[in-house]
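Below is one structure, written out as structure tokens; comments come after it.
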There are 2 protein chains.
Amino acid sequence: MTTERPSRPSGPFPAAVTVDLVILTVREGALHVLLIERGNEPFRGSPALPGGYVRPWEGLDETALRELREETGLDGRRLHLEQLRSYGAPDRDPRGRTVTVAYLALGPDLPVPVAGTDAHAARWVPVARALGEGFGLAFDHAAILADGVERARSQLEYTTAATAFCTEPFTMSELRGVYEVVWGISLDPSNFRRKVTRTAGFVVPTGERRAMESGRPAALYRRGPARDLYPPLLRSSEMTASG
Amino acid sequence: MTTERPSRPSGPFPAAVTVDLVILTVREGALHVLLIERGNEPFRGSPALPGGYVRPWEGLDETALRELREETGLDGRRLHLEQLRSYGAPDRDPRGRTVTVAYLALGPDLPVPVAGTDAHAARWVPVARALGEGFGLAFDHAAILADGVERARSQLEYTTAATAFCTEPFTMSELRGVYEVVWGISLDPSNFRRKVTRTAGFVVPTGERRAMESGRPAALYRRGPARDLYPPLLRSSEMTASG
DNA sequence: GCAAAAGTGTTATTATTACACCCATGA
DNA sequence: TCATGGGTGTAATAATAACACTTTTGC
């Protein structure tokens, strides 16, 4: 709280606070989200975003990190993890008033959540399907997921977050593929390369090369220290929509 | 909530949920924030962001709108109002666990909060002072305010939010002044004008003019329908720092 | 050699920047 | 007429977009 309002009877009332995670990755040429299957009512059996209650002694970020570790076995400090926004419609949970703080995590194609301690039926689902008709995401999770995807798209414009989707070391094609998959458009390879390599600190070449299935071997890169992109890499300027 | 975790005893525990408002305006050539003076412990007598408890039947946006109306007497639907982010450090309120959802409101130089029903000692404070040494904002409100200011700066780059600071109708100078005050830099008047007028829907000319203290009368404009700026008006590209 | 993908170069277009200069008004 | 912003024009620079072309691999 922060401001009492003695003149108006509106003191604190108990609410449950949770953290839900929108964990995105790029797999098989499509954006995927990590979903679990609910084991309890309400929405028993429905797919849902992983998440859980904030514990009394935890900060919100801490809860997000813990949930991420529990659900995926991954160290959140090595992923892109940021608070997305909060959702608190009074009827969002039929059991009672809950407010959830959503977090967005971006990571490379993780070895499927099996490492998690209690990864109950966690699985990767293409975002297009999870947001499609009749998929039936629990609660308001479809809206949260949609917001998360939009945030991810925007992050690709102004930050180096795309590298979070790549397993190091990665090729320029792989990085470009992230943009293409997340934005759903095609980018001109040569213009993309120029943009990335000329942005100081976006990627650093390892000097190594990797042979591809076919064609000339590609140079390998790692994430650079830069976090922000200037100038940004705007999707509306669609470099090239060469299907 | 969303995910129970039967294997781990971590059920819901009561937390108070509040909404705090970062209400910004431009006055006398400086960015100001609306602060109240706390009447109760803790931080009794300290300046703080206006805010209050979320009521049982309210959504978060509703609470923000209600608080805005109560504190300033203004209709939030006519201001730029958006969720900023949430803060939930376990020790942020000594009375107990609270999570606050901060909102950012941008408005023209409001007729000082007197209209509010219970505007207890609400006043405009220059942001530079509120964030300065020894000002003593309650709770973690200094961090929230800093985040709000940074968000506002960023919004000016990518959206037409700057018009929210202007009283209609406004002149090009007034709009430019908003950018200069919020960003703390000087902009080249002619380049700024070109940028604004060439962005479809940013502003619409009224056809009227207003005589200034000195010099040629300035054309008047109103907010246009556009919400996003493309291309953006980036502050790093500092048009001109002719300060 | 051929296909395929990496990578380089070149040009046209657009956006940004800097700044010169004219316009309309009050004093 | 002068001082003071408002407002227009223009040229240099930088970024983007489109696309031709060369390189290096596997087969």
Side-chain angles (χ1 to χ4, degrees), chain A residues 29 156-158 166 169-180 183 185-200 202-221 228-243, chain B residues 29 156-158 166 169-180 183 185-200 202-221 228-243:
Chain A
L156 258 52
E157 294 188 300
Y158 306 115
C166 298
F170 51 86
T171 68
M172 198 56 71
S173 292
E174 288 168 348
L175 184 59
R176 175 165 47 86
V178 167
Y179 277 88
E180 293 180 326
W183 284 353
I185 63 176
S186 293
L187 298 176
D188 181 278
S190 64
N191 290 338
F192 180 82
R193 160 187 307 284
R194 200 186 342 267
K195 179 74 185 180
V196 171
T197 54
R198 285 189 184 176
T199 300
F202 195 164
V203 298
V204 290
T206 65
E208 305 288 308
R209 295 177 169 279
R210 177 195 295 164
M212 314 303 288
E213 304 153 1
S214 83
R216 174 177 173 175
L220 294 173
Y221 301 85
D228 294 312
L229 247 45
Y230 187 81
L233 183 38
L234 303 168
R235 51 187 145 148
S236 312
S237 44
E238 287 177 50
M239 303 175 104
T240 273
S242 68
Chain B
L156 259 50
E157 294 187 301
Y158 306 113
C166 298
F170 51 86
T171 67
M172 198 57 70
S173 293
E174 288 168 348
L175 184 60
R176 175 165 47 87
V178 167
Y179 277 88
E180 294 179 327
W183 285 352
I185 62 174
S186 293
L187 298 176
D188 181 278
S190 64
N191 291 336
F192 180 81
R193 160 187 308 284
R194 199 187 344 266
K195 179 75 186 179
V196 170
T197 55
R198 285 189 184 174
T199 300
F202 195 164
V203 298
V204 290
T206 65
E208 305 289 307
R209 296 175 170 281
R210 177 196 294 164
M212 313 303 289
E213 304 155 0
S214 82
R216 175 177 173 174
L220 294 173
Y221 301 86
D228 295 312
L229 247 46
Y230 187 82
L233 183 39
L234 302 168
R235 49 186 147 150
S236 311
S237 44
E238 290 178 50
M239 304 175 101
T240 273
S242 68

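Order of the sequence lines fixes the chain letters, A, B, ..., with proteins taken first and strands second; residue numbering starts at 1 for each chain.
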Problem - Nucleotide nearest A/M172 (side chain, heavy atoms from C-beta), chosen from C/dG7, D/dT16, D/dG7 - result: C/dG7

Heteroatom pairs (N/O) under 3.5 angstrom, protein to nucleotides 10-13 of chain C:
none

Handout entry: Where B/L187 and B/R176 come nearest, the two heavy atoms and their spacing
Key = O-CD, 3.9 Å

Handout entry: Qualifying residues under salt bridge (Lys or Arg N to Asp or Glu O under 4.0 Å), relative to A/R216, sequence neighbours excluded
Key = none

Exercise for the section: May I ask you to verify if any side-chain N or O of A/K195 is less than 4.0 angstrom from the OP1 or OP2 atom of D/dA15? Expected result: no

Problem - side-chain hydrogen bond (donor to acceptor under 3.5 Å, both in side chains) against B/S190, all qualifying residues, sequence neighbours excluded - result: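 Per chain and number, B/S190 pairs via side-chain hydrogen bond (donor to acceptor under 3.5 Å, both in side chains) with B/D188.
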
Problem - Residues in side-chain hydrogen bond (donor to acceptor under 3.5 Å, both in side chains) contact with B/R209, at least two apart in sequence or another chain - result: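 Listed in chain order: nothing, the list is empty.
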
Practice task
Anything under 30° is parallel, anything over 60° is perpendicular, the rest tilted; go ahead and classify A/F192 against A/Y179.
Solution key: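 Ring orientation, 0 to 90° scale: perpendicular.
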
Handout entry: Side-chain heavy-atom pair A/L233, A/Y158 within 4.5 angstrom cut-off
Key = no

Practice task
For A/R198, report the nucleic acid contact type (base, sugar-phosphate, nothing); a contact means any heavy atom under 4.0 Å.
Solution key: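 No contact.
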
Practice task
Tell me which of A/A211 and B/L220 sits closer to the 5' end of DNA chain D, going by the nucleotide each one is nearest to.
Solution key: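 Checking each residue's closest nucleotide, the 5'-ward one belongs to B/L220.
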
Problem - For A/Y221, ring pair (Phe, Tyr, Trp, His ring centres under 6.0 Å) partners two or more places apart - result: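 For A/Y221 there are no ring pair (Phe, Tyr, Trp, His ring centres under 6.0 Å) partners, ignoring immediate neighbours.
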
Would you kindly give the [atom1]-to-[atom2] distance between [X] and [N], to the nearest whole Å?
X: B/E157; N: C/dA15; atom1: CD; atom2: C1'; result: 16 Å
X: B/R209; N: C/dT25; atom1: CZ; atom2: P; result: 8 Å
X: A/Y230; N: D/dA14; atom1: OH; atom2: P; result: 12 Å

Short heteroatom pairs, N/O only, protein and nucleotides 3-5 of chain D, under 3.5 Å:
unit_1	atom_1	unit_2	atom_2	d
D/dT4	O3'	B/S214	OG	3.0
D/dT4	O2	B/G215	N	3.2
D/dG5	N2	B/R216	N	3.4

Exercise for the section: Measure from the side-chain N and O atoms of B/T199 to the backbone N and O of B/L229, and report whether any donor-acceptor pair falls under 3.5 Å. Expected result: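 No: the side chain of B/T199 does not pair with the backbone of B/L229.
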
